Protein chains: 2
Amino acid sequence: MRSISDNPEPQESVDDRTTKARIRDAAIASIAEHGISGTTARKVASAAGVSPGLVIHHFGSMEGLRTACDQYVSGAIREFKERTMTGGPTLDVLAALRDSPNGPLMGYLAQVLADDSPAVAKLVDDLVDDAEGYIQQGVESGMLKPSDDPRGRAVVLTVWSLGALALHQHLRRLLGTDLTDPEILTDPAAAAYIAPVYEIYGKGILEEAFAARARAAFTESEGTT
Amino acid sequence: MRSISDNPEPQESVDDRTTKARIRDAAIASIAEHGISGTTARKVASAAGVSPGLVIHHFGSMEGLRTACDQYVSGAIREFKERTMTGGPTLDVLAALRDSPNGPLMGYLAQVLADDSPAVAKLVDDLVDDAEGYIQQGVESGMLKPSDDPRGRAVVLTVWSLGALALHQHLRRLLGTDLTDPEILTDPAAAAYIAPVYEIYGKGILEEAFAARARAAFTESEGTT
DNA sequence: TAGTGTGTTGAACATGCGTTCAATCTCTGA
DNA sequence: TCAGAGATTGAACGCATGTTCAACACACTA
């Protein structure tokens with residue numbers, strides 16, 4: 001087996017701890033925990049141990065801070081992907097993402113997914129593109145079934161994964177699984193979510209006869225009553 | 001025979017157009033369009049054509065207004081379900097919900113799903129319970145495949161549906177499908193989402209050999225790579 | 001007709017927000 | 001050694017927010 005904690009300092013893009021970086025990290029943590037509307041300049045400043053004025057001095061405005069957080073998180077995810085992709089294709093980028101020492105990264109993502117900013121939209125688009133590539137590799141290697149609409153299938157699978165992340169409080173309440181938990185892979189409660197997912201991924205939910213009937217009815221007409 | 005329209009006022013919860021009701025409707029529309037943090041007492045008052053003070057006079061506080069909206073929407077959804085359920089089982093409650101003259105109801109739901117209130121949590125729990133019942137009926141009638149974990153499968157399918165609703169802006173950007181559109185059934189763009197969904201529901205995505213291997217590896221140990 | 005109560009207003013209050021700014025601190029480079 | 005530049009502070013400003021409250025309008029009852 002190969003351990004993940006081999007490289008403690010990956011790149012400088014995620015290795016500054018200047019005051020500016022501390023403020024940004026505090027903002028990310030606050031958004032992950034209290035949401036966007038619950039994150040104010042004063043709270044971030046207090047969490048970072050600085051004055052409110054310094055937050056604006058470094059980022060121009062709260063919107064600038066938000067943009068910086070989005071870009072940092074996007075960069076961290078992108079970097080993690082590139083580091084992991086070389087180890088072979090993964091079915092789900094998010095599944096791999098959860099297995100990284102990313103701190104409140106998934107929590108941040110969960111909070112900002114619904115409130116779409118340009119950076120988040122770009123990130124989601126990238127995740128879909130990645131998924132499409134991974135899925136195509138999976139099809140070629142015989143792991144995954146081909147699709148009539150590879151792009152649409154990649155979109156749906158990605159949105160489902162991200163949607164489950166955005167609604168993680170409901171999943172935690174209903175199944176005990178917390179998708180934002182950085183140590184989710186060591187949590188046995190994760191099986192309550194993963195097992196049904198893989199069952200659906202494995203065999204679908206529709207019986208063949210009905211699936212064929214629905215498919216036929218769907219392709220011949222869409223809008224009739 | 002008794003028709004449904006015999007009692008024009010079934011409950012006071014879903015049939016008043018008093019000023020109080022107008023304020024509540026304005027709040028629901030505002031939340032559906034601008035989100036929770038974008039909905040203020042003054043904006044709601046302006047949209048309803050009243051003064052800000054009246055909003056608080058009727059609902060005690062903005063939190064009270066929010067609770068009233070949650071309860072009204074929950075009631076409307078519950079009522080719609082009861083009216084539709086008699087016509088036979090449906091695979092997805094949400095699919096049926098979208099086909100109702102519900103105005104900004106889906107938009108409201110999309111906005112509040114991520115920001116969980118007790119009322120929303122209760123609503124989600126109810127939707128899962130409904131889904132579990134519908135799915136069981138589907139299994140018994142030979143339409144759906146049985147599951148090793150019926151409850152877990154119902155949770156996952158419901159959360160996926162709701163998650164896609166919560167991330168409707170991404171779906172609209174990526175596929176052109178707007179799940180919050182009240183007239184979605186007459187929109188041909190809906191096929192871009194529904195077709196991949198039914199493909200996955202029909203046959204899954206994993207090839208049998210790999211699915212069996214993953215299942216075996218999963219049941220024997222969970223944490224090892 | 002007088003009176004009571006509810007619906008409704010508009011001004012006001014306190015609070016928290018993002019942001020500005022002059023003043024101070026700290027450190028670097030010549 | 002010292003000047004200058006960036007980092008940092010703390011008080012302040014203007015604004016939007018939720019909420020309060022005295023006053024008014026109108027309906028219904030006695």
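Just the heavy atoms: all of them, side chains too, but no hydrogens, waters or symmetry mates, feed the values below. Protein chains get the first letters and strands the later ones, always in sequence-line order, with residue 1 at the start of each. None of the values given here were measured: they were computed from a predicted structure.
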Exercise. Residues of residues 57-71 of chain A with any non-hydrogen atom less than 4.0 angstrom from an atom of DNA chain D: list those, numerically ordered, please.
Key: A:His57, A:His58

Quiz item: Does A:Arg42 get its side chain close enough to the base of C:dG18, under 3.5 Å, for a donor-acceptor pair?
Solution: yes

Practice problem: For DNA chain D, determine which residues of residues 33-41 of chain A have any heavy atom closer than 4.0 angstrom to one of its atoms, and list them numerically. | Solution: none

Quiz item: Is there side-chain contact between B:Tyr134 and B:Leu144, with at least one heavy-atom pair below 4.5 Å?
Solution: no

Quiz item: Tell me, which pairs form a salt bridge (charged side-chain N to carboxylate O under 4.0 Å, His left out) where one or both residues lie in residues 150-170 of chain B, sequence neighbours left out?
Solution: B:Asp129-B:Arg151, B:Glu132-B:Arg151

Quiz item: Can you tell if the side chain of A:Ser161 reaches within under 4.5 Å of the side chain of A:Leu165, non-hydrogen atoms only?
Solution: no

Quiz prompt | Nearest listed nucleotide, side chain of B:Leu54, among C:dC17, C:dT8, C:dT20 | solution = C:dT8

Which atoms of nucleotides 22-27 of chain C (N or O only) lie under 3.5 Å from a protein N or O atom, and what are those distances?
none

Quiz item: Contact class for A:Val50 vs. all strands (heavy atom < 4.0 Å): base, sugar-phosphate, or nothing?
Solution: sugar-phosphate

Quiz prompt | Side-chain touch A:Tyr201/A:Leu157, heavy atoms, less than 4.5 angstrom | solution = yes

Contacts table for residues 171-179 of chain B: side-chain donor-acceptor under 3.5 angstrom, sequence neighbours left out:
residue  : atom : partner  : partner atom : Å
B:Arg173 : NE   : A:Asp125 : OD1          : 3.1
B:Arg173 : NH1  : B:His170 : ND1          : 3.0
B:Arg173 : NH2  : A:Ala121 : O            : 3.3
B:Arg173 : NH2  : A:Asp125 : OD1          : 2.8
B:Arg173 : NH2  : B:His170 : ND1          : 3.1
B:Thr177 : OG1  : B:Ala189 : O            : 2.7
B:Asp178 : OD1  : B:Thr180 : N            : 3.0
B:Asp178 : OD1  : B:Thr180 : OG1          : 2.7
B:Asp178 : OD2  : B:Thr180 : OG1          : 3.4

Quiz item: Which salt bridge (charged side-chain N to carboxylate O under 4.0 Å, His left out) pairs, counting each pair once, include a residue from residues 114-123 of chain B, with sequence neighbours left out?
Solution: B:Arg66-B:Asp115, B:Lys122-B:Asp126

Self-check item: Non-neighbouring partners of B:Ala47 that pass side-chain contact (heavy atoms from CB on, under 4.5 Å), sequence neighbours left out
Solution: B:Ala26

Quiz item: In chain order, what residues pass the salt bridge (charged side-chain N to carboxylate O under 4.0 Å, His left out) check against A:Asp149, with sequence neighbours excluded?
Solution: none

Quiz item: Along DNA chain D, 5' to 3', what are the outermost nucleotides having an atom less than 4.0 Å from a heavy atom of chain B?
Solution: D:dT17 to D:dT20

Quiz item: Going by the salt bridge (charged side-chain N to carboxylate O under 4.0 Å, His left out) test, which pairs reach into residues 44-63 of chain B, not counting sequence neighbours?
Solution: none

Quiz item: If you measure from NZ on B:Lys20 to CG on B:Asp25, what distance do you get to the nearest 0.5 Å?
Solution: 12.5 Å

Practice problem: Hey, could you give me each pair passing side-chain hydrogen bond (donor to acceptor under 3.5 Å, both in side chains) that has a residue in residues 42-56 of chain B? Not counting sequence neighbours. | Solution: none

Quiz prompt | Gap between atom CD of B:Gln111 and atom OG1 of B:Thr39 - 0.5 Å precision | solution = 8.0 Å

Exercise. Only pairs at least two apart or in different chains count here, so list each salt bridge (charged side-chain N to carboxylate O under 4.0 Å, His left out) that has a residue in residues 155-166 of chain A.
Key: none

